[in-house]
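Sequence lines set the chain letters: A, B, ... in the order given, protein chains first and strands last, and positions in each chain run from 1.
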Amino acid sequence: MLQIHNNLTKRKESFVPIDPKNVRMYVCGMTVYDLCHLGHARVLVVFDVVYRYLRQVYGAEQVTYVRNVTDIDDKIIARANERGEKINQLTDHYIKEMVRDADALGVQHPDEEPRATRHMDEIIAMIQTLIDKGYAYQAGNGGTLGDVYYDVSHFEHYGQLSGKNTDDLRAGARVEVDAAKQDPLDFVLWKAAKPGEPYWESPWGKGRPGWHIECSAMATCCLGNHFDIHGGGLDLQFPHHENEIAQSEAATGEKFVNVWMHNGFVRIDEEKMSKSLGNFFTIREVLEKYKPEVVRFFILNSHYRSPLNYSDKHLDEAKAALTTLYNALRGVTPGEGGDVQAYTARFDAAMDDDFNTPEAIAVLFELAREINRLRNNDALVTGQLAAELMRLGRCLGLLQKSPGEYFEEIEVTEQMIAARASAGASIDIKVIRADEKKKIEKLIEQRSLARENKNWAESDRIRDELAAQGVVLEDGPQGTTWRRE
RNA sequence: GGCUGAGUGGCAGAGUGGCUAUGCAGCGGACUGCAAAUCCGUGUACCUCGGUUCGACUCCGGGCUCAGCCUCCA
């Protein structure tokens with residue numbers, strides 16, 4: 001049975017869906033004013049795997065995954081102003097870029113991707129409900145008329161998720177005191193628009209939502225007042241998720257979420273990667289050096305709640321490990337059936353244990369070794385094991401390409417295209433790839449001829465020539481195979 | 001200061017009250033024209049000090065160290 005570490009109770013618990021016919025999960029997605037960095041990649045990949053596994057357990061049609069986009073906030077306004085763009089020009093652009101990155105990483109699309117600006121009615125309605133129920137107030141003297149705040153003192157369970165109590169929070173020197181707030185812990189639900197700022201009409205005048213309310217509104221709108229899983233990066237635990245609980249439960253009078261999941265940080269040199277520290281890598285930058293599947297493997301080779309240290313060395317290791325896995329699949333024709341239960345069971349047991357992907361990956365390597373042991377003796381069983389390896393890999397979003405695709409695919413650069421264009425050759429990427437492949441295979445043929453004649457010098461020369469292009473040759477009983485490094 | 005989480009072999013990273021994680025790198029062997037890939041074999045690993053126990057890396061307590069949250073951040 002699936003066990004999940006619930007951050008609300010700080011314990012691993014058996015996962016019992018509210019409705020097994022409709023398991024519902026909401027994950028806080030991006031605020032779209034810049035390219036996604038590796039921290040975002042981790043959220044995308046981790047919850048993609050959660051989604052895939054839930055679909056496997058409960059059925060593909062029985063899971064609803066919602067990942068929102070926050071497309072209005074102070075940083076977006078600031079960035080749009082810097083660039084002299086309209087905010088939706090900016091946000092549309094970065095949403096596209098985000099989708100590109102997510103697709104590259106093999107992240108499946110959520111069932112819904114609501115945007116804050118398209119749920120303004122629900123947001124305003126929820127704020128109104130909070131005011132009506134006495135959980136929110138308009139700023140009085142000293143505040144900007146039209147600001148609406150959430151009254152934390154009215155919400156009994158405030159601090160449960162983050163393990164904080166309101167007295168400690170008030171005592172903390174870092175809580176900024178704002179004259180408009182009745183209590184320093186109160187947070188803004190609706191911000192009055194300053195001149196020149198984008199705004200929506202509301203009962204409190206022109207303005208925009210505060211940071212947390214949009215998630216409460218979108219989550220309850222898409223998934224109902226009470227749903228199963230809410231996820232996001234650990235840095236959202238406080239105050240964002242704490243405030244979401246306060247808003248949602250006060251407004252609906254129902255429990256908001258059963259299970260809270262937070263993935264750990266990506267670190268660089270033992271320090272959190274973050275925008276404020278400026279020590280982040282964008283997904284785009286990393287994908288210039290490593291295949292997306294390598295990045296995905298790197299992320300999943302650590303448990304989602306552990307810190308993940310980024311370095312080229314670790315990515316190189318991930319690449320080597322993935323190569324081993326794909327090597328096992330080479331030259332094998334997958335076949336159904338066979339006695340693979342032991343592997344399935346161990347893999348599922350690992351996933352059932354709070355999505356223990358490193359343990360699940362270990363099972364993949366054991367399959368690979370067994371395939372390599374048997375490949376020259378038992379084609380039938382080898383094929384069955386290979387099919388199992390790919391099937392388990394699918395649950396992690398790994399090993400879904402053919403080994404040929406994985407090893408032979410070349411990066412077609414702008415320069416290559418330009419060079420070919422000026423030479424009058426086709427600039428169709430498929431044609432370029434085919435041409436490159438032909439060139440390599442021609443050289444391999446020449447080398448095979450040399451080897452038949454025991455002309456080792458020529459044979460090695462060709463091998464070195466290809467190696468210089470990043471092509472590795474492997475001589476086997478069935479001839480020579482090649483792969484790109 | 002308050003509150004979390006973590007400290008495992010050369011590196012990365014799971015896990016368990018007594019029994020092989022796994023990967024990368026290393027070493028020895030097989031295979032190979034040589035390689036590569038692969039297979040076989042190989043490494044006195046569990047921060048520290050006490051306690052519980054027949055037995056603890058694994059449970060409990062103290063200490064040390066690291067990271068994070070308490071302010072925007074996935």
> Hey, are A:D352 and A:Q3 close enough side-chain-wise for a donor-acceptor pair under 3.5 Å?
Replying inline: no
> Which nucleotide, in any strand shown, forms a Watson-Crick or G-U wobble pair with B:G17, with both distances under 3.5 Å?
Replying inline: none
>> Of the listed nucleotides (B:A21, B:G33, B:A37), which one gets closest to any side-chain atom of A:R451?
In response: B:G33
>> Over all strands shown, is A:T324 touching base, sugar-phosphate only, or nothing at heavy-atom distances under 4.0 angstrom?
In response: sugar-phosphate
> Rounding to the closest angstrom, what is the interatomic distance between B:A30 and B:G18 at atom C1'?
Replying inline: 36 Å
> For the side chain of A:V43, counting heavy atoms from C-beta on, which of B:A74, B:C70, B:G15 is nearest?
Replying inline: B:A74
>> Side chain of A:L169 only, heavy atoms from C-beta on: which candidate in B:C70, B:G68, B:A21 is closest?
In response: B:C70
>> Looking only at side-chain N and O atoms, does A:R369 offer a donor or acceptor that is under 3.5 Å from a partner on A:N372?
In response: no
> Which of the following nucleotides, B:A67, B:C72, B:A14, is nearest to the side chain of A:K75?
Replying inline: B:C72
> If we call it a pair only when both distances are under 3.5 Å in a Watson-Crick or G-U wobble match, what pairs with B:G23?
Replying inline: B:C11
> Which of parallel (below 30°), tilted (30 to 60°) and perpendicular (above 60°) describes A:Y158 and A:F238?
Replying inline: perpendicular
> Can you name the nearest heavy-atom pair linking A:R463 to A:R447, along with the distance?
Replying inline: NH1-NH2, 3.5 Å
>> Roughly how many Å apart are B:G51 and B:G55, using the C1' atom of each and rounding to a whole number?
In response: 15 Å
> For the side chain of A:R483, counting heavy atoms from C-beta on, which of B:A74, B:A36, B:G15 is nearest?
Replying inline: B:A36
> Any idea which of B:A37, B:A74, B:C70 is nearest the A:K164 side chain?
Replying inline: B:C70
>> Counting only heavy atoms and a strict 4.0 angstrom limit, can you tell me which residues of residues 364-397 of chain A come near RNA chain B?
In response: A:F365, A:E366, A:R369, A:N372, A:R373
>> Between B:C57 and B:C49, how far apart are the two P atoms, rounded to whole Å?
In response: 11 Å
> Which nucleotide, in any strand shown, forms a Watson-Crick or G-U wobble pair with B:C34, with both distances under 3.5 Å?
Replying inline: none
>> Partner lookup for B:U53, please. Criteria are Watson-Crick or G-U wobble with both distances under 3.5 angstrom; report none if nothing qualifies.
In response: none
>> So that I know where these two stand, are A:Y26 and A:Y65 an aromatic pair - ring centroids less than 6.0 Å apart?
In response: no
>> Checking contacts here: which listed nucleotide (B:G2, B:A74, B:G33) is nearest the side-chain heavy atoms of A:R447?
In response: B:G33
> What's the CG-C1' distance between A:L277 and B:A67, to the nearest Å?
Replying inline: 13 Å
>> Please determine whether any donor N or O and acceptor N or O are separated by less than 3.5 Å between the side chain of A:D460 and the base of B:G33.
In response: yes
>> If I pick the C1' atom on B:U20 and the same atom on B:G15, what distance separates them, to the nearest angstrom?
In response: 12 Å
>> Quick test of the criterion, 5.5 Å between centres and less than 30° between planes. Is A:W456 stacked on B:G33 or not?
In response: yes
>> Measure CG/A:L473 against C1'/B:U38 and give the value in whole Å, please.
In response: 17 Å
> What about A:R463: does its side chain form a donor-acceptor pair under 3.5 Å with the base of B:A35?
Replying inline: yes
> What interatomic distance, in whole Å, is found between C1' of B:G43 and the corresponding atom of B:C27?
Replying inline: 9 Å
>> Ignoring hydrogens and geometry beyond distance, is a side-chain donor-acceptor pair present between A:T344 and A:E388 at under 3.5 Å?
In response: yes
>> Any donor-acceptor pair under 3.5 Å linking the side-chain atoms of A:S306 with those of A:H303?
In response: no
>> Side chain of A:S276 only, heavy atoms from C-beta on: which candidate in B:U22, B:C72, B:G2 is closest?
In response: B:C72
> Among B:G23, B:U38, B:C70, which is the nearest nucleotide to the side chain of A:A321?
Replying inline: B:G23
>> Measuring only the P atom in each nucleotide, how far is B:A67 from B:G28? A whole number of Å is fine.
In response: 39 Å
>> Looking at A:E405, I'd like to know if its CD atom is crowded, meaning that more than 12 non-hydrogen atoms belonging to other residues, nucleotides or ligands lie closer than 6.0 Å.
In response: yes
> Taking atom CG of A:N377 as the centre, does the number of heavy atoms from other residues, nucleotides or ligands within less than 6.0 Å exceed 12?
Replying inline: yes
> Which part of the nucleic acid, if any, lies within reach of A:G29 when heavy atoms closer than 4.0 Å are counted: base, sugar-phosphate only, or nothing?
Replying inline: sugar-phosphate
>> For the P atoms, the ones on B:U58 and on B:C47, what distance do you get once it is rounded to whole angstrom?
In response: 8 Å
> When you check the phosphate oxygens OP1 and OP2 of B:C3, does a side-chain N or O of A:K10 lie under 4.0 Å from one of them?
Replying inline: no
> According to the Watson-Crick and G-U wobble definitions, with both distances under 3.5 Å, which nucleotide is paired to B:G5?
Replying inline: B:C66
Short heteroatom pairs, N/O only, protein and nucleotides 6-13 of chain B, under 3.5 Å:
from  : atom 1 : to     : atom 2 : distance (Å)
B:C11 : O2'    : A:K313 : NZ     : 2.3

> If every non-hydrogen atom of A:H262 is compared with every non-hydrogen atom of A:H241, which pair is closest and at what distance?
Replying inline: NE2-ND1, 2.8 Å
> Separation of A:D464 atom CG from B:C34 atom C1', in whole Å?
Replying inline: 11 Å
>> Output the rounded distance in Å from CG (A:D168) to P (B:G2).
In response: 9 Å
>> Categorize A:L236 for me: base, sugar-phosphate, or nothing, with a 4.0 angstrom heavy-atom threshold over every strand shown.
In response: sugar-phosphate
> What does A:D235 touch in the nucleic acid at a heavy-atom separation under 4.0 angstrom: a base, only the sugar-phosphate, or nothing?
Replying inline: base
> Which class fits the ring pair A:Y53 and A:F355: parallel under 30°, tilted 30 to 60°, perpendicular over 60°?
Replying inline: perpendicular
> To the nearest 0.5 Å, what is the distance between CZ (A:R208) and OH (A:Y199)?
Replying inline: 13.5 Å
> Which value, in whole Å, describes the distance between the P atoms of nucleotides B:U8 and B:C66?
Replying inline: 14 Å
